[in-house]
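Reviewing the structure listed below.
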Amino acid sequence: MTPPRCLRIALPVPLPRLFDYLPPDGAPAPPDAVGRRIRVPFGPRELVGIVADTGPAAHAGDSLRAALAWIDPAPVLHGELLDSLRWLTRYLHAPLGEVLSTALPAALRRGDPLPDTHTWTWRLSEAGATALAGMRAGRPRDLAALLADGTLDEDALDDRLPGWRAAARALAGRGQAERVALPPSALAPAPAHGPEPNAAQATAIAAIGDADGFRPFLLDGVTGSGKTEVYLRAIAATLARGRQALALVPEIGLTPQTLARFRARLGVPVHALHSGLNDTERARVWAAAERGEARVIVGTRSAVFVPLPDAGLIVIDEEHDGSYKQQDGIRYHARDFALVRAKALDVPVVLGSATPSLETLHNARSGRYTALRLPQRAGTARPPTVRVLDVRKRALEAGLSPELLDGVRATLAAGGQVLVFRNRRGYAPVLLCHDCGWSAQCVRCDAPMTVHAGGRRLQCHHCGHRQPAPPACPDCAGLALQPQGVGTERLEEHLVRAFPEVPVVRIDRGSTRRRDGVEQALATLGDRPGILVGTQMLAKGHDLADLALVAVVGIDEGLFSADFRAPEKLSQLLIQVAGRAGRGVRAGQVLLQTHHPEHPLLGTLLGGGYAAFAEAELVQREAAGFPPFAHLALLRAEAQHADVPPAFLREVAAVLAAHDPEGHVARDGPLPAPMPRRAGFHRAQLLLTAAQRGALHALLDRAVPDIHALPMARRVRWSLDVDPVDLY
Ligand code: ADP
Ligand code: ZN
Ligand code: ZN
């Protein structure tokens, strides 16, 4: 057979095509060239691409450049994963090269070799064992003391000693500890026994275990009903059959607590993939999965791209969570892609939630997914009681009503802990001049600056721009500048003053930058009476056994948002936050403070729970022609000049119209984006809606190449978002 004449290479560039190269000089293409990484010259640069195909050059007579070097001894992408990624490319109408590079961990994307997959462990040297008794108190001594009981792997250290890495470096520098590579799974702990499943759990576990091949399940279980128990049993059964399991968890759900629970229960090493890992660690997990060494992978969004040569089960915890949708670059939805992969791998897939997305509920109702229900809290925990506090005409202190403060006081007196939930970080959302009405706006965005640091600093939550708060009003020179509204910092300030005898711990993205920051903050509270103030970082993942009261404030803006998904998101958030209360032995109480106690959404939620809300909302979505009863795609464009994005989108609309003479797909726009300027860029959008998914994709198949070819396309930053979640 003659060697292929040219390599068709997917490159990470925003063009919807492959690029032809000759094999590197003296290194002809092997028969299994597809899926291998290769270095190529690209203009003046050098890029890492992936061979997508081989064959005759697309354009005869072109003089082709030669690639520079093969990187891999074998394809890194192949089989089901490569096929599924090609499917994703078609579905998102995105360039294959960008999809493939998104799927690879950053180190592999850059061309690093596939890393070794030893488990790294630490042990105390003789010198360390001798020195231990005389060490000063501190992390190095804590670590030495831990290691004195035996060698530990780095995952275990992550669980047991936050900040151990610096301590390990210190010990290693003094020759007191050493890092040792062990073959994978040499350190498998013995699996611990979990609670005996209750009847509903047992039914769910059996149904998943009986699934023979692809079958989607919705595990619809109230918060604390024991969904994680079901995942653990289903994963254990998968392991027992000699198969791999992948569990996806939301960004803020992957806590050290969660991982420790998986590790303790499964009896095999659990590989975690999350944003707290460095590039090498991520590549190592990916490689371990690819080699079949990683038997259980628990990870956030991008873990949906791990190779699963022995797949047996995929679990998606909190399937409704917004963090599964990638919001820039290749805008994939990890839940939806997990379903595609489960089908291609022919394995069952479990979507768990107390508040399933309307898309998933719709699929369950139409019979495409099998619904499994856990209607009650597991063990002895009871559902929390919910009370709505009407705060109209009430005197509020830092946004808190007297009744709410009474509730906090009573809970603390009874020895319980309180969560005050406000989904706005910072001190106050707006800085307002009381004399003339001026308010501090970001210079780069159409958005107010958030007040921080008790009023001294302003920060834009959209572009990160910061500046000191002005001493006087820039418009009228008046001195009546006042922070308006309440953020978590202001709540903290007030609660510290109102309850000086208990600890007040604030948990939001401003207070806890580090991954284990939440754990540490919660540890300072312990099981004493105290107050947590937090954003949705606290809405899930952390099991707070002594939390007796959840007080929810400042939800009213969510009741009146223009976004058609706002009621769904608000309901999910409320149910999830409320579900934090009373998970231990204490009875849980929820106080919901609002100026709109008669709002129908609150009535439905309180009367019938999330199921009643979802029922009513699906009827409304159907009547309004919104997902899941219609299919959307959003074209976004932004540029520094205000005229360019709408002009570009008008040309796009013309292209779309030309390819859709019968009008199967409705176009809304071009319209200014809900935030018309962000980080100095003017933004516009064009929304496409189709009753049939097929019609939308057929149109995009035809039109997207023409959109790329528009001369204006080079003057804007534009993107196509298929199945957008946020319409901005
Ligand atoms: P979810 O994932 O639905 O929030 P979890 O699986 O975390 O629920 O369970 C909530 C709590 O109930 C955990 O502390 C768990 O150990 C406990 N639990 C789960 N199933 C049972 C059971 N069958 N019997 C007793 N306790 C259980
Ligand atoms: Zn003023
Ligand atoms: Zn800004």
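In each ligand, atom 1 is the first atom listed, and ligand 1 is the first ligand listed.
Only the backbone of Pro197 comes within 4.0 Å of ligand 1, counting heavy atoms alone; no side-chain atom from C-beta on gets that close. At a 4.0 Å heavy-atom cut-off, ligand 1 does not touch Gln257 at all. The backbone and the side chain of Ser225 each have at least one atom closer than 4.0 Å to an atom of ligand 1 (non-hydrogen atoms only).
Numbered from 1 in the order shown, with element, the atoms of ligand 1 that lie under 4.0 Å from a heavy atom of Gly226 read 1 (P), 3 (O), 5 (P), 6 (O), 8 (O), 9 (O), 19 (C). Taking every non-hydrogen atom of Ala378 and a distance limit under 4.0 Å, the qualifying atoms of ligand 1 come out as 12 (O), 18 (N), 19 (C), 20 (N), 21 (C), 27 (C). Remark: ligand 1 atoms within the under-4.0 Å shell around heavy atoms of Asn198 are 23 (N).
Looking at Asp321 and Ser323, their side chains do bring a donor and an acceptor atom within 3.5 Å of each other. Using modelled atom types and a 3.5 Å distance limit, the side chains of Arg215 and Thr370 yield a donor-acceptor pair. Using modelled atom types, one finds a donor on one side chain and an acceptor on the other under 3.5 Å when comparing Gln459 with Arg457.
Shown here is Arg456, whose CZ atom has no more than 12 heavy atoms of other residues, nucleotides or ligands within 6.0 Å. Surrounding CZ of Arg160 are at most 12 heavy atoms belonging to other residues, nucleotides or ligands under 6.0 Å away. In this structure, Arg261 places its CZ atom where more than 12 heavy-atom neighbours from other residues, nucleotides or ligands lie under 6.0 Å away.
For the pair Arg717 and Phe681, the cation-pi criterion (under 6.0 Å, within 45° of the ring axis) is fulfilled.
The line from CG of Leu605 to CG of Leu574 is 6.5 Å long, rounded to the nearest 0.5 Å.
Remark: minimum distance from atom 2 (O) of ligand 1 to any protein heavy atom is reached at Thr228 OG1, 2.6 Å. The protein non-hydrogen atom at the shortest distance from atom 14 (O) of ligand 1 is Asp543 OD2, 4.1 Å. Nearest to atom 1 (P) of ligand 1 among the protein's heavy atoms is Lys227 N, 3.5 Å. At the top of the distance list for atom 20 (N) of ligand 1, counting protein heavy atoms only, stands Gln201 NE2, 3.0 Å.
Checking His465 against the Zn ion (ligand 3), every N/O/S atom stays at or beyond the 2.8 Å cut-off. For Cys463, the nearest N, O or S atom to the Zn ion (ligand 3) falls under 2.8 Å. Among the atoms of His434, no N, O or S atom is found under 2.8 Å from the Zn ion (ligand 2). Cys442 lies close to the Zn ion (ligand 3), since one of its N, O or S atoms is found at a distance under 2.8 Å.
By the 4.0 Å N-to-carboxylate-O rule, Glu318 lies too far from Arg335 to be salt-bridged with it.
The closest approach between any non-hydrogen atom of Arg377 and ligand 1 is not below 4.0 Å.
Inter-residue side-chain proximity for Glu319 and Ser353 is flagged as met; some heavy-atom pair is nearer than 4.5 Å.
Thr203 places a side-chain N or O within 3.5 Å of a backbone atom of Ala199 that can act as its donor or acceptor partner. Counting only distance, with no hydrogens or angles, the side chain of Glu251 and the backbone of Thr300 share no donor-acceptor pair below 3.5 Å.
At least one N or O atom of Glu196 sits closer than 3.5 Å to an N or O atom of ligand 1. Among the atoms of Gly224, some N or O lies under 3.5 angstrom from an N or O of ligand 1. Between Pro195 and ligand 1, no pair of N/O atoms sits closer than 3.5 Å.
At the Zn ion (ligand 2), the vertex angle linking SG of Cys476 with SG of Cys436 is 110° (nearest 10 degrees).
For atom 27 (C) of ligand 1, the nearest protein heavy atom lies closer than 4.0 Å.
Among Glu318, Gln576, Arg261, the residue whose heavy atom lies nearest to atom 7 (O) of ligand 1 is Arg261.
The two atoms that bring Thr450 and Ala428 nearest to each other are CG2-O, 3.4 Å, heavy atoms only.
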